[in-house]
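To start, the structure under review is shown below, and the notes come after it.
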Amino acid sequence: MLLDRSHTCGELRKENDGEKVILMGWVDRQRDHGGIIFIDLRDRYGITQVVFNPSAKNVYATGKTLRGEFVIAVKGFVEKRPDDMLNDSLATGHIEVVAEEVEILNVAKTPPFEIADNVDVSEEIRLKYRYLDMRRTAMQRNLILRHRMAQITRQFFDENSFIEIETPMLMRSTPEGARDYLVPSRVHHGKFYALPQSPQTYKQLLMVAGFDRYFQIVKCFRDEDLRADRQPEFTQIDVEMSFVNQEHIFRLVEELMVRYMDEILGIKLELPIQRMTYAKAMELYGSDKPDLRFGLAMVELNDLVESCDFRVFVDCVKNGGAVKGISVPGAAKYSRKQQDDLIELAKQLGAKGLVPVKVGDNDWQSNLNKFFDEDTRKQIIDRMQASNGDLLLIVADNREMTNEVLGNLRLKIAQDEGLIKEDNFALLWVTDFPLLEFDTEEERYVARHHPFTSPSDEDLHLLESAPGDVRAKAYDLVLNGTEIAGGSIRIFKKDMQQKMFKLLNISDEEAYSKFGFLMDAFEYGAPPHGGIAFGFDRMAMLFAGRKSIRDVIAFPKTSSAISLMDGAPSPVGSKQLKELGVKLAR
RNA sequence: GGGACCGUGGUGUAGUUUGGUUAACACGUCGGCCUGUCAAGCCGAAGAUCGCGGGUUCAAGUCCCGUCGGUCCCGCCA
C-alpha cells in the first residue's frame, strides 16, 4: 500500500510547483469531463484538486472508477494552475496535483447524506452516522476549537502554578444535588458507586492535602433531563485554590477569559468584567443569568401607580407585590394579535395578566389610559425612558412572578425583534447568591449552590433567625445569558459545616455517614479555600456560535438520553446481572 | 411527569386545513454525452405505499386513538 504521505490536502501552494507528492484522503467530489477528470481530495486540513489526464492510461482508468468517500492515495506532481483557472475559495486553489499513480485504499458505500456544509440534514440522521457528520468541516471546526480551548486552559493553569490531578470516576453516592448515575458493585452485592456530579469533595480534600492550586478538565455526570445546553455527561474545568477570597478567583478567571477571547475569537476583553448582585439581576432582568447584549431592563412603577384608579395595580402594591414594566422600542406597531400572544405567553408563565401600552404623542393606546392622568402618564414614560412609538409591557403580581414573567418576555421580545447582536460577547459576574432555597416539596431548605458553600460574613447572624435571607460567597460567570461557570468560597471548619448540615435538616448521623471523611479532614488543618467550575461544553458552544452543546461534543446523546449511533443504553444479559447481584423489577 | 412542534424515495422539503385514480420538487445515486471544471454542464433512468399499530370510511399520506423516535420548553439540573 502507498502509505508514505508527503503532504496534507491543505498545504500545497504555488511554491511547491514541480514537487513530487503523495496525498491521501477522501474523494470529496468527482468532475468527469469525458476526457479530463478532476477529483477534490479531502482530509481534515483541506481540499486539493487532483487531475487525471486520459494520456496516463492506467491512472486514468482508476480515476474513472472513483466515487464519493472512497479513500485513496495519489502520487503525482504539483503543477501551477493556468492564470485563468485559479480557485481563490480554496487555500490550495492555485495549484493542482497531476496524478501519476493512484491506489484505492478503501471503497465506500454512498453515504446517507452528502458530506457538505451547505446540505441540510436532520440531527437524528447526523447522530446516527456521527462519524460521517464529523467529516463535515463545520463539525471539524467545532471540535478543533474545543481542542484549542483545552490546550489554552492547560497552558494557562500550568503557567499559574496549578496542578492537574485526576479524581475518581467511581465514588460514593451523595444525598444532595442532582440524581446520581449508579454503578453496581460486583464485589459488594447491594452496594453502588456513583459517577461524580462534580469532583467537589475531592478537590476540597486536595486543598487539605496542600495542593493549593488544582485544576482538572473532567467529565461529570448528572442523571437529569436534557436540554440544548445540558447533557447527562459533560465536561467541566474544575478549579480550586487555597488561601484566597472571591477577588483572587475573579482575577484569575478574568485573565483566563482574556486569553480565550484573544486566542479563540480575536477579541480584546476589557477588564474588569462587569458585576451585578443576584438581587439586582433579578430586579432588573428577572434572571440570575441575564443576557446583557441588549437592554429592556425592568422598571418598577409601584410608587407611581399605588394611588391610581386601576384596582389591579393598587391591590397589587397594597399586597406587597410589584408592578413593573419593560419598554420595547418601536413596538407600538404590534398588531392586536401580537399583543394577545404576549398576554397569552405571560399567562402561560404564571402571571395573572399583562397590560400592553402603546405610547403615542400625547396619550396611550391602552385600556389603562383612562386610569391615569396626564401627569402620571408622563412620569411613567420618563421613568421607563419610553417615547412615542414604543410599547410598554406591564405586569402586576407578587414580586417573584413579576420578575420571572417580565424576564422571560424580555428574552422572547429580544429574539423576535432581533435586538441580540450575535457577534457580541457580554460577560457578567453575578454575585451574592442566596445561600439557601426553600424546597416546598421536601419542606426544608436546600443549598442553592452546594452544602459546602460559605455564608457571607455579614449575614452570619441571620443563619438561625432568617436562613432564607442569608447570602453566600457564591458567584456565577454569565456569558450572553448562559451560565458558563459557578463557584464559591467554601466552608473549611468543621463546626460551620455541621451547622450547615443542620440548616439543611440533615441529621448528624446522616451527615457523618455521607460526609464524615470531609469533616474529619477539616480537623487536620484545612486551609481556607474556594474555587469555580466552568461548563466547558457551553463555553465551546458559545465561542463556536452554536445553539446546542451537541455541536461541540463528538458523540452526544439525544434529548431522551439515547445514543443513536451505538444504541446506549441497552439491556444486558442475565449473566451480567447475576454477577452484579442485580434483579430487575418487573 | 407535563406542554408545543415535527416524522413522506438515500437527504431536505411540498402535499395533510377541504379524504378521491399515476405522491411533486431539489440535491444525491446510476447510465449516456462531454478535455479545464471546482456546488461542472447537458440528456436519460431507478428510487418513497407516507415512523409503527389500530380505528372511522366505499376510499386515509390526509380524520381519530395509541405507540415509537427527534427538537424546543416547564418541572428537574446542589
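The chains referred to below are lettered A, B, ... by the order of the sequence lines, with proteins before strands, and numbering in each begins at 1.
- As judged by a 4.0 angstrom heavy-atom cut-off over every strand, P451(A) is placed among the base-contacting residues.
- Nucleotides C43(B) and C5(B) have their P atoms positioned 43 Å apart, rounded to a whole Å.
- Remark: R293(A) pairs with D291(A), I420(A), E422(A), N424(A), A426(A), N480(A) by the side-chain contact (heavy atoms from CB on, under 4.5 Å) rule, at least two apart or across chains.
- Which of C38(B), U35(B), G69(B) sits closest to the side chain of D40(A) comes down to C38(B).
- The distance from atom CZ of R135(A) to atom P of U11(B) is 17 Å, rounded to the nearest whole Å.
- Each side-chain hydrogen bond (donor to acceptor under 3.5 Å, both in side chains) pair with one or both residues in residues 431-443 of chain A, not counting sequence neighbours, appears once here: E437(A)-R448(A), E442(A)-R444(A).
- The nearest heavy atom of RNA chain B to E79(A) and to K557(A) marks one nucleotide each, and the one closer to the 5' end goes with E79(A).
- The stacking criteria are not both satisfied for F113(A) over the base of U11(B), which would need a centre-to-centre distance under 5.5 angstrom and an angle between ring planes under 30 degrees.
- Among the heavy atoms of the strands, none lies under 4.0 Å from Q231(A).
- Contact annotation for T174(A): no contact, since no heavy-atom pair falls under 4.0 Å across all strands.
- S548(A) and R546(A) share no donor-acceptor pair across their side chains, judged by distance under 3.5 Å alone.
- Each of U35(B), U37(B), G10(B) was ranked by its minimum atom distance to the side chain of P54(A); first place goes to U35(B).
- Across all strands shown, A59(B) has no partner, as no Watson-Crick or G-U wobble contact with both distances under 3.5 Å is found.
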Between N or O atoms, less than 3.5 Å apart, protein on one side and nucleotides 51-53 of chain B on the other: list the pairs.
none

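- Searching all strands for a Watson-Crick or G-U wobble partner of C25(B) with both distances below 3.5 Å returns G12(B).
- Following rounding to the nearest Å, R31(A) (CZ) and A40(B) (C1') show an atom-to-atom distance of 7 Å.
- Classified by interplanar angle (parallel below 30°, tilted 30° to 60°, perpendicular above 60°), the ring pair Y131(A)/Y129(A) is perpendicular.
- Nucleotides U37(B) and A24(B) are separated by 32 Å at their C1' atoms, to the nearest Å.
- Side chain to side chain, T8(A) and D43(A) fail the donor-acceptor criterion of an N or O pair below 3.5 Å.
- In this entry the distance linking CD1 of I125(A) with P of G10(B) reads 10 Å, nearest Å.
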TODO: Before giving the answer on side-chain contact (heavy atoms from CB on, under 4.5 Å), spell out for M169(A) and F221(A) the whole-Å C-alpha distance, their side-chain angles and the decisive distance to 0.1 Å.
DONE: CA-CA 9 Å; M169(A) 284 291 119; F221(A) 305 85; 3.6 Å; yes
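- F522(A) is linked by a ring pair (Phe, Tyr, Trp, His ring centres under 6.0 Å) to nothing, counting only residues two or more places apart in sequence or in another chain.
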Task: Derivation of the ring-ring contact (aromatic ring centres under 6.0 Å, His included) call for H33(A) and F38(A) - done: CA-CA 8 Å; H33(A) 287 248; F38(A) 298 103; 5.5 Å; yes
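- Of the P atoms belonging to G36(B) and G47(B), the separation is 34 Å, rounded to the nearest Å.
- Rounded to whole Å, the distance from CZ on R126(A) to C1' on G12(B) is 14 Å.
- C33(B) is paired with G41(B) under the Watson-Crick or G-U wobble criterion, all donor-acceptor distances under 3.5 Å.
- OP1 or OP2 of G70(B) has at least one side-chain nitrogen or oxygen of S560(A) nearer than 4.0 Å.
- Residue L127(A) has its side chain nearest to U71(B) when only G36(B), A39(B), U71(B) are considered.
- Note on Q49(A): a base of the nucleic acid sits closer than 4.0 angstrom, heavy atoms only.
- Of the N and O atoms on the side chains of D566(A) and S563(A), at least one donor lies less than 3.5 Å from an acceptor on the other residue.
- As rounded to whole Å, 13 Å separates atom P of U11(B) from atom NZ of K109(A).
- For F501(A) and F515(A), the ring centers sit closer than 6.0 Å to each other.
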TODO: Scan nucleotides 24-34 of chain B nucleotide by nucleotide, 5' to 3', and note B when protein non-hydrogen atoms come under 4.0 Å of the base, S if they reach only the sugar-phosphate, - if neither.
DONE: ---SSSSS--B
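- Across the protein-nucleic acid pair, K347(A) atom NZ and G3(B) atom C1' stand 18 Å apart, rounded to whole Å.
- Residue T558(A) places no side-chain N or O under 4.0 Å from the OP1 or OP2 atom of G69(B).
- Using modelled atom types, one finds a donor on one side chain and an acceptor on the other under 3.5 Å when comparing H529(A) with Q204(A).
- Pair check for G7(B) finds C68(B); Watson-Crick or G-U wobble, both atom distances under 3.5 Å.
- Remark: the separation of the C1' atoms in C42(B) and G51(B) is 38 Å, to the nearest Å.
- Proximity of a side-chain donor or acceptor of T48(A) to a complementary backbone N or O of C9(A) within less than 3.5 Å is detected.
- Taking atom C1' in both C33(B) and G70(B), one finds a spacing of 43 Å when rounded to whole Å.
- G12(B) atom C1' lies 16 Å from atom CG of D117(A), rounded to whole Å.
- Heavy-atom distances to RNA chain B give each of I36(A) and Q30(A) a nearest nucleotide, and the one nearer the 5′ end belongs to I36(A).
- Using a 4.0 Å heavy-atom criterion, one finds that D120(A) contacts the sugar-phosphate atoms exclusively.
- Comparing the C1' positions of U18(B) and U62(B) gives a spacing of 10 Å, expressed to the nearest Å.
- Between Y278(A) and F433(A), the ring-plane angle classifies as tilted under the 30° and 60° cut-offs.
- A23(B) and A14(B) have their C1' atoms separated by 10 Å, with the value rounded to a whole Å.
- G20(B) and C63(B) have their P atoms separated by 11 Å, with the value rounded to a whole Å.
- In this structure, K80(A) places its NZ atom 18 Å from C1' of G36(B), rounding to the nearest Å.
- In summary, the side chains of H94(A) and N87(A) do not present any donor paired with an acceptor at a separation below 3.5 Å, with no hydrogens or angles considered.
- Within 6.0 Å of OH on Y193(A) lie no more than 12 heavy atoms contributed by other residues, nucleotides or ligands.
- Among the protein residues, V121(A) comes within range of the sugar-phosphate backbone only, with heavy atoms under 4.0 Å from sugar or phosphate atoms but none that close to a base.
- A46(B) is unpaired under the criterion used here, namely a Watson-Crick or G-U wobble arrangement in which both key atom distances are under 3.5 Å.
- When heavy atoms are screened at a 4.0 angstrom cut-off, L436(A) is found touching no nucleic acid atom at all.
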Can you pull every protein N or O that's under 3.5 Å from an N or O on nucleotides 72-75 of chain B?
{"from": "C72(B)", "atom 1": "OP1", "to": "R550(A)", "atom 2": "NH1", "distance (Å)": "3.1"}
{"from": "C72(B)", "atom 1": "OP1", "to": "R550(A)", "atom 2": "NH2", "distance (Å)": "2.8"}
{"from": "C72(B)", "atom 1": "OP2", "to": "R550(A)", "atom 2": "NH1", "distance (Å)": "3.4"}
{"from": "C73(B)", "atom 1": "OP2", "to": "A228(A)", "atom 2": "N", "distance (Å)": "3.4"}
{"from": "C74(B)", "atom 1": "OP2", "to": "R227(A)", "atom 2": "NE", "distance (Å)": "3.1"}
{"from": "G75(B)", "atom 1": "N7", "to": "R227(A)", "atom 2": "NH2", "distance (Å)": "2.9"}
{"from": "G75(B)", "atom 1": "O6", "to": "R227(A)", "atom 2": "NH1", "distance (Å)": "3.0"}
{"from": "G75(B)", "atom 1": "O6", "to": "R227(A)", "atom 2": "NH2", "distance (Å)": "3.2"}
{"from": "G75(B)", "atom 1": "N1", "to": "D225(A)", "atom 2": "OD2", "distance (Å)": "2.6"}
{"from": "G75(B)", "atom 1": "N2", "to": "D225(A)", "atom 2": "OD2", "distance (Å)": "3.1"}

